[in-house]
Amino acid sequence: MAALGALRSCWASGRLLSGSLHAHSNRLAFCQTGIKRHFSNNKIIVELDEATGVAVMKMKNPPVNSLSLDFLTEFSISLEKLEMDRGCRGLILTSASPKIFSAGLDIMEMYGKSAEHYAEFWRAVQEMWLKLYGSNMVTIAAINGSSPAGGCLMALCCDYRIMADNPKYAIGLNETQLGIVAPFWFKDTMSNVVGNRVTEQALQLGQMFPAPEALKFGLVDQLVAEEKVQSTAASVMAHWLNIPDHARQITKSMMRKQTTDKLVNNREADIKNFVSFITRDSIQKSLQVYMERLKQRK
């Protein structure tokens, strides 16, 4: 995670920079136009409106915004930059790709790699969750496509979820369909939103909820026409920002601290458990079978 620290220090000084991230070229651009500030890297686009204090973060890791190690690193850095910006009060998280919010964890990061790689990858997944779930900002997920597994987790981390009203789009933690077990903090995040019974059944079956069902079970808060997802997110954000920040932030922390502390106090054990699980021959075989199925669909 040395790249993470180096980029943090450069961003804190607000300089234009280009460099390498995880041994490949990664150009980062920052510019200011009027009252809107833009910064981007290979996989994340952010626009911060200084007049409203609202940032829009678009995931752009085509074709399906898979959560690779590089993506997760860039996401956490971008989120930390916004968190440190006193002018930023709210974040709208969405996708730059049509029909998909995020397909979740990149399977290639979990297949055929070393134990050291798996540990680094899982630490990055943890970091993403801790930063997004524990954010002081108002966070709204503008879900403009399907959102399985880790994509669903990202949406569940947000304070409010708006999804495109399209029955072809679905959301859920479907890890068991891949032969993977969702860790306790995935489970806790979902349970905090929809309750224990719905979570238990959904996780065991690896259920994907079409948009209407997602609304029915409380997995999302609102369905709107696809072309109105972004504008609705902006309107909802304005409503949330009417509340004084300090009161809302303390309340959010009070509701979520027990959940985040559970992972913070068990990070290394959680990483060890993941590495032990993902390196099993049976799990590697399940992932191989799943990837072969994906190739046949293409």
Side-chain angles (χ1 to χ4, degrees), residues 52-57 67 72 75-76 78-86 88-94 101-102 104 125-143 147 149-163 171-173 175 182-203 207 209 214-223 232-267 269-270:
T52 62
V54 177
V56 176
M57 181 185 289
L67 306 183
L72 291 165
F75 180 89
S76 291
S78 298
L79 191 57
E80 183 171 329
K81 174 177 171 58
L82 294 174
E83 203 75 52
M84 293 189 302
D85 191 325
R86 293 183 180 180
C88 185
R89 301 176 60 208
L91 171 69
I92 296 173
L93 178 62
T94 191
F101 182 71
S102 170
V125 179
Q126 291 177 336
E127 192 70 15
M128 175 276 292
W129 180 80
L130 287 168
K131 279 184 164 52
L132 186 57
Y133 194 67
S135 174
N136 279 321
M137 296 180 289
V138 175
T139 53
I140 294 178
I143 308 167
S147 191
C152 175
L153 179 71
M154 295 179 84
L156 289 172
C157 285
C158 295
D159 298 311
Y160 196 87
R161 286 159 293 282
I162 301 163
M163 189 171 185
I171 184 171
L173 295 177
E175 281 78 1
F184 69 86
W185 40 287
F186 281 49
K187 179 265 296 180
D188 289 345
T189 306
M190 185 172 184
S191 182
N192 289 346
V193 173
V194 298
N196 191 73
R197 176 56 186 147
V198 172
T199 299
E200 181 181 359
Q201 180 171 304
L203 291 185
Q207 279 182 289
F209 296 84
L215 179 65
K216 175 183 175 183
F217 286 102
L219 207 57
V220 299
D221 299 295
Q222 195 174 349
L223 297 183
T232 303
S235 297
V236 171
M237 178 65 75
H239 175 68
W240 278 69
L241 291 181
N242 283 329
I243 305 300
D245 286 343
H246 69 281
R248 182 195 54 76
Q249 290 168 356
I250 292 170
T251 301
K252 181 175 180 177
S253 176
M254 178 174 63
M255 295 297 296
R256 298 190 175 198
K257 190 175 186 299
Q258 184 176 2
T259 303
T260 54
D261 282 353
K262 190 174 175 182
L263 177 60
V264 169
N265 296 332
N266 294 280
R267 284 191 76 169
D270 182 61

From [atom1] ([X]) to [atom2] ([Y]), nearest 0.5 Å:
X    : Y    : atom1 : atom2 : result
L79  : L132 : CG    : CG    : 6.0 Å
W240 : M137 : CH2   : CE    : 14.0 Å
L203 : N196 : CG    : CG    : 9.5 Å
S191 : R197 : OG    : CZ    : 12.0 Å
L82  : M57  : CG    : CE    : 5.0 Å
M154 : I171 : CE    : CD1   : 11.5 Å

Could you check if a side-chain atom of [X] sits within less than 4.5 angstrom of a side-chain atom of [Y], using non-hydrogen atoms only?
X    : Y    : answer
D221 : I162 : no
L72  : V125 : yes
L93  : I140 : no
E175 : F186 : yes
L263 : N266 : no

Query - Test side chain to side chain contact (heavy atoms under 4.5 Å, CB included) applied to V194 and F209, step by step - result: CA-CA 13 Å; V194 298; F209 296 84; over 6 Å; no

Can you tell me if [X] uses its side chain to pair, donor with acceptor, with the backbone of [Y] under 3.5 Å?
X    : Y    : result
T260 : G134 : no
R89  : L241 : yes
R161 : A155 : yes
R256 : T251 : no
D159 : T139 : yes
S253 : K257 : no

Taking atom types as modelled, is there a side-chain donor on [X] or [Y] under 3.5 Å from an acceptor on the other?
X    : Y    : value
R267 : Q126 : yes
Y133 : D188 : no
W185 : D270 : yes
E83  : S135 : yes

Taking all heavy atoms of [X] and all of [Y], pick out the closest pair and write down the distance.
X    : Y    : answer
L173 : A149 : CD2-O, 3.2 Å
T94  : A142 : OG1-O, 2.9 Å
A55  : C88  : CB-SG, 3.9 Å

Query raised in the report: side chain to side chain contact (heavy atoms under 4.5 Å, CB included) between Q222 and V236: does it pass, once the steps are laid out?
Result: CA-CA 10 Å; Q222 195 174 349; V236 171; 3.9 Å; yes

